[in-house]
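Heads up, the thing below is written out as structure tokens.
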Number of protein chains: 2
Amino acid sequence: MELNERMKTILTAVLHRYITTAEPVSSSIIAKKYKLNLSTATIRHEMNLLEKHDYLWQPHTSSGRIPTDKGYRLYVDNLMKKSHLKENEKKRIIQIYQKSKEFEETMRTTSQLLSKLTNNIGVVLGPHILNNSIKHIQFISVGNNRILVVIITNTGLVCQKLINISGEITKNTLNYLSNFINSKLIEKDIDLINLNNILRDELDKILSFQESFNYIHNFIEECFNLRDFSDKVYLDGRINIITQPEFKETNKLNYILSFIEEENALANTIRKYLGFKQTKIIIGRENKQKEIQNCSLVARKYTIKGKPAGAIGILGPTRMDYPRMISIVEYISDKLSDILSEF
Amino acid sequence: MELNERMKTILTAVLHRYITTAEPVSSSIIAKKYKLNLSTATIRHEMNLLEKHDYLWQPHTSSGRIPTDKGYRLYVDNLMKKSHLKENEKKRIIQIYQKSKEFEETMRTTSQLLSKLTNNIGVVLGPHILNNSIKHIQFISVGNNRILVVIITNTGLVCQKLINISGEITKNTLNYLSNFINSKLIEKDIDLINLNNILRDELDKILSFQESFNYIHNFIEECFNLRDFSDKVYLDGRINIITQPEFKETNKLNYILSFIEEENALANTIRKYLGFKQTKIIIGRENKQKEIQNCSLVARKYTIKGKPAGAIGILGPTRMDYPRMISIVEYISDKLSDILSEF
DNA sequence: TTTAGCACTCTCACCTTGAGAGTGCTAAAT
DNA sequence: ATTTAGCACTCTCAAGGTGAGAGTGCTAAA
């Protein structure tokens with residue numbers, strides 16, 4: 001059913017009030033603070049209807065109202081006005097970014113910025129190696145038939161993995177291999193899958209006469225096994241959750257924080273939104289994970305040279321200032337995209 | 001003043017009881033559970049003396065006793081019996097370690113093991129590049145006069161830093177440089193300072209005729225600037241703190257967690273104990289940081305091939321099972337030393 | 001359609017109260 | 001000289017009662 005204008009106004013007022021105070025909103029507060037020129041009785045009447053339609057609820061019969069997830073959803077989709085960061089806030093962000101010169105530092109700065117600006121948990125999903133082009137590969141023998149593979153991408157992302165080989169590969173062969181591969185990479189924009197395809201054809205030909213061919217073949221196969229490459233997660237602001245009034249009871253807190261502690265859990269949630277063009281907002285019970293069904297998530301992808309690379313997000317109580325959260329997430333993801341594209 | 005045997009026995013009993021229950025210990029509980037063949041009145045008398053000497057205190061006049069920091073200190077130094085892990089616990093730890101093949105993973109596993117076994121916060125200070133010998137150096141130009149330096153050590157530690165250079169250094173020069181440096185490293189056990197000394201002499205001679213000598217010289221200087229190399233910190237088990245009864249009040253929790261959130265704070269605390277041979281135990285107010293004066297820290301260095309490399313530790317409420325905590329920290333630091341020495 | 005008025009509901013802070021846990025002191029027992 | 005039984009005393013804590021206050025829904029009048 002469609003709400004009339006007055007109901008929308010009242011719902012919006014309740015939302016704004018509740019977001020700032022975290023306390024049930026009464027009809028008289030609305031009448032007083034939001035000059036709607038309506039009596040408390042009328043407002044009560046409308047609130048009653050809003051409750052019947054599941055946009056509001058009451059903790060007990062004689063208390064004020066609190067928005068439901070459905071209420072927040074309507075607000076986010078239809079009622080709220082988009083907000084924009086102030087110019088000096090934007091400047092601050094740029095200034096802070098300028099201090100971090102290096103890839104890792106930039107990612108850490110991003111999660112810190114997110115958590116500090118929003119007073120919520122900030123999370124950044126590092127770019128996956130797949131979304132980068134490869135700049136350099138180095139093989140280093142570390143004894144016991146183990147080889148450390150270090151791959152460096154154009155953005156300065158350094159990935160490493162250790163490979164156990166069944167036989168022996170000499171240092172000369174390793175050098176030969178890395179030289180050969182690096183020669184393919186010079187001045188070219190080749191990603192990991194591309195590279196693998198190129199190598200699969202060429203290397204086999206070159207190496208087929210080698211004695212240790214099988215070892216080398218297996219080694220290279222494992223080297224490009226995508227499963228082992230995980231994107232890094234940067235998380236900040238866990239404390240922010242603790243100070244929120246809705247999580248005063250330690251058992252609720254516990255529940256959320258055990259979800260957060262497992263960094264990958266949040267990362268996996270956010271990873272889904274890498275393909276979305278727009279900012280994604282997931283409210284309360286819309287979250288599939290039970291642990292964060294009292295929370296909302298605002299997530300957005302970032303890009304490197306136009307290509308989706310990773311995602312950032314914030315996690316906080318459903319009672320959050322959505323317009324501001326969205327504007328922060330969007331501004332930061334844009335800036336991060338710019339910075340990473342320049343690297 | 002020296003306590004007599006009976007007082008020591010009673011103090012130990014109070015400590016054991018309080019450590020398991022987290023509640024003030026009464027004279028009758030001691031009489032009942034720890035068959036000392038003394039009446040409650042006698043125990044009360046002794047407890048009273050112990051309180052006068054600041055080993056115990058009471059939250060209020062008619063409550064049981066709680067150990068003071070001084071009480072814990074006496075316990076740790078003189079009263080407690082050293083404990084040892086059970087054989088199957090040791091086996092479990094070794095099994096878990098066997099799953100992690102790679103340097104980073106090993107460090108993460110260590111902090112997880114610490115936190116899970118102790119039910120406290122586990123922290124691991126990664127080995128500093130200084131304490132490793134260098135295996136390979138790679139320079140990669142990432143545009144805008146920036147060069148990414150990747151240094152790989154014998155343990156598989158991968159360090160990176162980004163250097164801004166004022167002029168231009170061609171890719172050929174970079175290749176030449178890294179080849180030259182790597183040639184010095186082959187089959188040798190050279191650490192960063194060593195390497196720097198060797199290079200300072202030799203490189204200048206070789207390069208003196210080069211046009212871009214100054215740029216290169218500055219670049220190499222910056223490259224070996226130790227300030228920029230920080231050791232990594234691995235932290236786990238933040239939630240464990242929340243479930244401790246002593247931190248029910250969220251403001252206390254807040255205080256501790258804000259200290260933990262700043263990973264470097266705990267890292268810096270632990271770093272001090274790198275030079276100590278023995279396990280270091282810091283109890284409550286012995287900690288210089290106010291935020292963790294309700295906590296105790298058990299820390300110990302680990303070694304790589306006999307040389308001190310980094311440190312591990314656990315942080316929990318002063319009310320912890322010290323013998324067990326110590327045995328866990330010691331066993332894990334030994335195992336970690338073994339594993340890293342084998343890499 | 002709106003609203004003043006009112007009865008009603010629920011919470012919350014505050015108080016009282018009594019049981020229970022635990023102590024320190026003292027005088028008697030060992 | 002030590003130990004302990006006995007007892008008065010202190011403090012906490014949970015339970016129950018109370019009244020103020022906040023807020024509601026309903027109704028009848030504007």
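Per chain, numbering begins at 1; letters A, B, ... match sequence-line order. Quick note: numbers below take in every heavy atom, side chains included, and nothing from hydrogens, waters or symmetry partners.
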Of the nucleotides [options], which one has an atom closest to the side chain of [X]?
X	options	value
A:Thr61	C:dT9, C:dG24, C:dG5	C:dT9
B:Arg6	C:dT3, D:dG23, D:dT3	D:dT3
A:Met47	D:dT4, C:dC25, D:dT24	D:dT24
B:Arg44	C:dC25, C:dA4, D:dT24	C:dC25
A:His60	C:dC10, D:dG23, D:dG25	C:dC10
B:Asn48	D:dG23, C:dT2, C:dC25	C:dC25

Using whole Å, what does the distance between atom [atom2] of nucleotide [N] and atom [atom1] of [X] come to?
X	N	atom1	atom2	value
B:Lys52	C:dG24	NZ	C1'	9 Å
B:Met7	D:dT3	CE	P	12 Å
A:Ile43	D:dT24	CD1	C1'	13 Å
B:His45	D:dT2	NE2	P	9 Å
A:Glu23	D:dG21	CD	P	18 Å
B:Gln58	C:dG22	CD	P	11 Å
B:Glu51	C:dC25	CD	P	11 Å
A:Ile30	C:dT3	CD1	C1'	18 Å

Inset, instruction - Answer yes or no: does a side-chain N or O of A:Thr42 lie under 4.0 Å from OP1 or OP2 of C:dT2? - result: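 No, A:Thr42 has no side-chain N/O under 4.0 Å of OP1/OP2 on C:dT2.
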Legend entry - Below 4.0 Å: OP1/OP2 of D:dT24 and any side-chain N or O of A:Ser26: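 So the side chain of A:Ser26 is outside the cut-off, no N or O lying under 4.0 Å from OP1 or OP2 of D:dT24.
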Have [X] and [Y] got a donor and an acceptor in their side chains that come within less than 3.5 Å?
X	Y	value
A:Ser63	A:Gln58	no
B:Ser39	B:Thr42	yes
B:Arg319	B:Gln244	yes

Which nucleotide, in any strand shown, forms a Watson-Crick or G-U wobble pair with [N], with both distances under 3.5 Å?
N	result
D:dG16	C:dC15
D:dT2	C:dA29
D:dA28	C:dT3
D:dG21	C:dC10

Legend entry - Residue whose closest nucleotide on DNA chain D lies nearer the 5' end, B:Glu46 versus B:Pro59: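 That would be B:Glu46.
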Inset, instruction - Remember a base hit wins even if backbone is also touched, and classify B:Ser63 as base, sugar-phosphate or nothing at under 4.0 Å, heavy atoms. - result: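 The residue B:Ser63 makes sugar-phosphate contact but no base contact.
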Inset, instruction - Mind checking A:Thr40 for me? I need base, sugar-phosphate or nothing, with any heavy atom below 4.0 Å counting as a touch. - result: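 The answer is nothing, as A:Thr40 stays clear of every strand by at least 4.0 Å.
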Inset, instruction - Starting from the C-alpha separation in whole Å, work towards a yes-or-no answer on ring pair (Phe, Tyr, Trp, His ring centres under 6.0 Å) for B:Tyr72 and B:Tyr75. - result: CA-CA 5 Å; B:Tyr72 283 118; B:Tyr75 174 70; 7.6 Å; no
Legend entry - Donor-acceptor pair, side chain of A:Asn240 and main chain of A:Ser115, under 3.5 angstrom: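 Checked: pair present.
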Inset, instruction - Can you check whether any acceptor in the base of D:dT10 is under 3.5 Å from a donor in the side chain of B:Ser62, or vice versa? - result: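 Checked by distance alone, the answer is yes.
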Legend entry - B:Ile328 and its side-chain contact (heavy atoms from CB on, under 4.5 Å) partner, picked from B:Thr118, B:Leu113, B:Ile93: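 Result for side-chain contact (heavy atoms from CB on, under 4.5 Å) with B:Ile328: B:Thr118.
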